[in-house]
Colleague: 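Structure provided below as structure tokens; questions to follow.
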Amino acid sequence: MLTGAVMAQPATTESKAQHDQRMRWWREARFGMFIHWGLYAVPAGEYNGKRSDRIGEWIMEWANIPRADYEKFTNDFNPVKFDAKEWVRIARDAGMKYIVITSKHHDGFALYDSKVSNYDIVDATPYHRDPIKELAAEAKKQGLVFCFYYSILDWHYPAAYVDAPGKDPTAGNRTTKLRPGGKEEYLKYMKAQLRELVTQYDPGVLWFDGEWQDWWTEEDGKALYAYVRSLKPGIIINNRVGRGREGMKGLSKTDQTYAGDFGTPEQQIPPSGLPGVDWESCMTMNTTWGFKFYDDKWKSPEVIIRNLIDIASKGGNYLLNVGPTKEGLIPAPSVERLAAVGAWMKINGDSIYATTASPFSNQLSFGRATSKGDRIYLHVFDWPADGKLTVPSFGKEIKRAYLLIKPKSPLKFQHLDPAGGFTIELPAQAPDPIASVVVLETK
Ligand code: FHN
């Protein structure tokens, strides 16, 4: 059992070597697609003419929509333009190695064919097809790992109700209460759905969320963690299965052992690397997870690519979100940005995949760094006007330096004594305006 910042795996005996083996593909992947898709794509951020700056998938909460009214969105959820092959291609060509899709979000609607609920895409919508089945098969075909998001908070579960001023008891709300006996019932329901998801679709990760309910305890989290691992021992589970998460910072508190294999910072990047901790920063490309037709606050490709580099330089994964429309299309601004990231990854992917955190004790003034074996990858954001890149020492000698795009053209470098560190002579023009990679081979 490990305690504190390093995640622990309760109830399952696993050696460090076994743990490392189970986490390996995920640690090497570094970059994944998050997909928030569901009934909330129907109102797409507007209800009875009311809009909000709030996130789109919470419309049942911020528009105070009673359950019976929200259910009516099923009539308009018919994603005839959904194309699993195209979605997976977009993720793959962006350089993403895994996909995490919302099997069930807080609104309780199942995006797959659930046998324990009729509130799902096959039984309750005119679509009558299981897009998850197609997506899982296509991901396998194109070599990406297919994964699920699953919400513990469920605004649709009959035993759940809201007790908050001005709120309809069946509307959405940050917290719900469960009628007497409701928790045991709901636990059975959740386990039945999780068994369906794990045994029918074989996901690589279970990404829990909505765990902040008063009725959900760390013990519940540990038990659910053990249950899901008993269904698939090799699965990876995030730290939102239990109550360890420290708010949006996302890492687990250190006062005791908490369930979960990795931390989940949300919409933020930790200020510095976290040696020995597995973590993944999830982020929107605009300001909502679920589709909102009027949210055009899109991040630039530069911001997204530099986030990916920054996160990898701190030893983390980047889970970047798309919010498809009710027709089943990934919004064009998302597709464009993912293509731009993909163009950068096509050339520079080696400096991200299967790397570990920067060896430099301080943040580099000109950019970031990642390492892999005897190589250091310098990601230069700010290209030196004088063509001289000054690099601090990091405890190893350099054997060779070159641009990642020109491995056969060595770059000249000098050691700086006694200050330590060295300078590298770079070409006048930066190969890439967003981030150019210089490789250092160490002795
Ligand atoms: O409430 C959810 C939100 O809708 C979204 O799913 C994000 C994604 O990480 N998580 C929760 C907020 O922390």
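Treat the numbers as computed from the prediction; the structure is a model and nothing was measured. Indexing begins at 1, ligand by ligand and atom by atom, following the structure's order.
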Colleague: Assess whether side chain to side chain donor-acceptor pair (under 3.5 Å) is satisfied between Tyr377 and Asp350, documenting all intermediate values.
Modeller: CA-CA 9 Å; Tyr377 299 95; Asp350 274 356; 5.1 Å; no
Colleague: Quick one: does Trp212 get a heavy atom under 4.0 Å from ligand 1?
Modeller: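 Distance cut 4.0 Å: Trp212 passes for ligand 1.
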Colleague: Examine Arg306 relative to Phe381 and say whether NZ or CZ is less than 6.0 Å from the centre of the six-membered ring and inside a 45° cone about the ring axis.
Modeller: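 The answer is yes, since Arg306 meets both limits relative to Phe381.
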Colleague: Return the closest protein heavy atom for atom 10 (N) of ligand 1 as residue, atom name and distance.
Modeller: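 Protein heavy atom at minimum distance: Asp209 OD2, 2.7 Å.
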Colleague: Under 6.0 Å from the six-membered ring centre of Trp212 and within 45° of its axis: does the NZ or CZ of Arg174 meet both?
Modeller: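 Satisfied, under 6.0 Å and within 45°.
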Colleague: Are any of the heavy atoms in Met283 under 4.0 Å away from ligand 1?
Modeller: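 No, that is not the case, since the closest heavy atom of the residue is not under 4.0 Å from the ligand.
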Colleague: Considering the heavy atoms of Tyr149, write down every atom of ligand 1 situated less than 4.0 Å from one of them.
Modeller: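 Reading through ligand 1 atom by atom, the close ones are 6 (O).
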Colleague: Output yes when the distance from some N or O of ligand 1 to some N or O of Glu57 is under 3.5 Å, and no in every other case.
Modeller: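 So ligand 1 has an N or O lying under 3.5 Å from an N or O of Glu57.
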Colleague: Just jot down the ligand 1 atoms closer than 4.0 angstrom to any heavy atom of His105, in number order.
Modeller: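 The atoms of ligand 1 under 4.0 Å from a heavy atom of His105 are 3 (C), 4 (O), 5 (C), 6 (O).
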Colleague: Quick check on contacts: which atoms of ligand 1 are under 4.0 angstrom from a heavy atom of Cys282?
Modeller: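 Numbered from 1, ligand 1 contributes 9 (O).
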Colleague: Is the His379 to Phe366 ring centre distance short of 6.0 Å?
Modeller: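 No: the rings miss the under 6.0 Å criterion.
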Colleague: Relative to the heavy atoms of Arg240, which atoms of ligand 1 are at a distance of less than 4.0 Å?
Modeller: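 Answer for ligand 1: 9 (O), 10 (N), 13 (O).
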Colleague: Within 45 degrees of the ring normal and closer than 6.0 Å to the centroid, is that where the cationic atom of Lys191 sits relative to Tyr227?
Modeller: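 Geometry flag: set, cation within 6.0 Å and 45°.
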Colleague: Suppose we call two aromatic rings close when their centres sit under 6.0 Å apart. Are His105 and Tyr40 close by that rule?
Modeller: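 Centroid distance His105-Tyr40: below 6.0 Å, so yes.
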Colleague: Regarding atom 13 (O) of ligand 1: of the candidates Glu266, Arg174, Gln267, His106, which has the closest heavy atom?
Modeller: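 Going through Glu266, Arg174, Gln267, His106 one by one, Glu266 has the nearest heavy atom to atom 13 (O) of ligand 1.
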Colleague: With salt bridge (Lys or Arg N to Asp or Glu O under 4.0 Å) as the test, would you mind laying out the steps for Arg243 and Asp220 before giving the verdict?
Modeller: CA-CA 9 Å; Arg243 299 300 305 268; Asp220 295 326; over 6 Å; no
Colleague: Quick check on contacts: which atoms of ligand 1 are under 4.0 angstrom from a heavy atom of Trp58?
Modeller: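 Those atoms are 1 (O), 2 (C), 3 (C), 4 (O).
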Colleague: Atom 6 (O) of ligand 1: which protein heavy atom is closest, and how many Å away?
Modeller: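 Among all protein heavy atoms, the one nearest atom 6 (O) of ligand 1 is His36 NE2, 2.7 Å.
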Colleague: Look at the aromatic rings of Phe148 and Tyr201 and report parallel, tilted or perpendicular, splitting at 30° and 60°.
Modeller: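 Ring orientation of Phe148 relative to Tyr201: perpendicular.
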Colleague: Which of the numbered atoms in ligand 1 are under 4.0 angstrom from any heavy atom belonging to Trp207?
Modeller: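 Matching atoms, with element in brackets: 9 (O).
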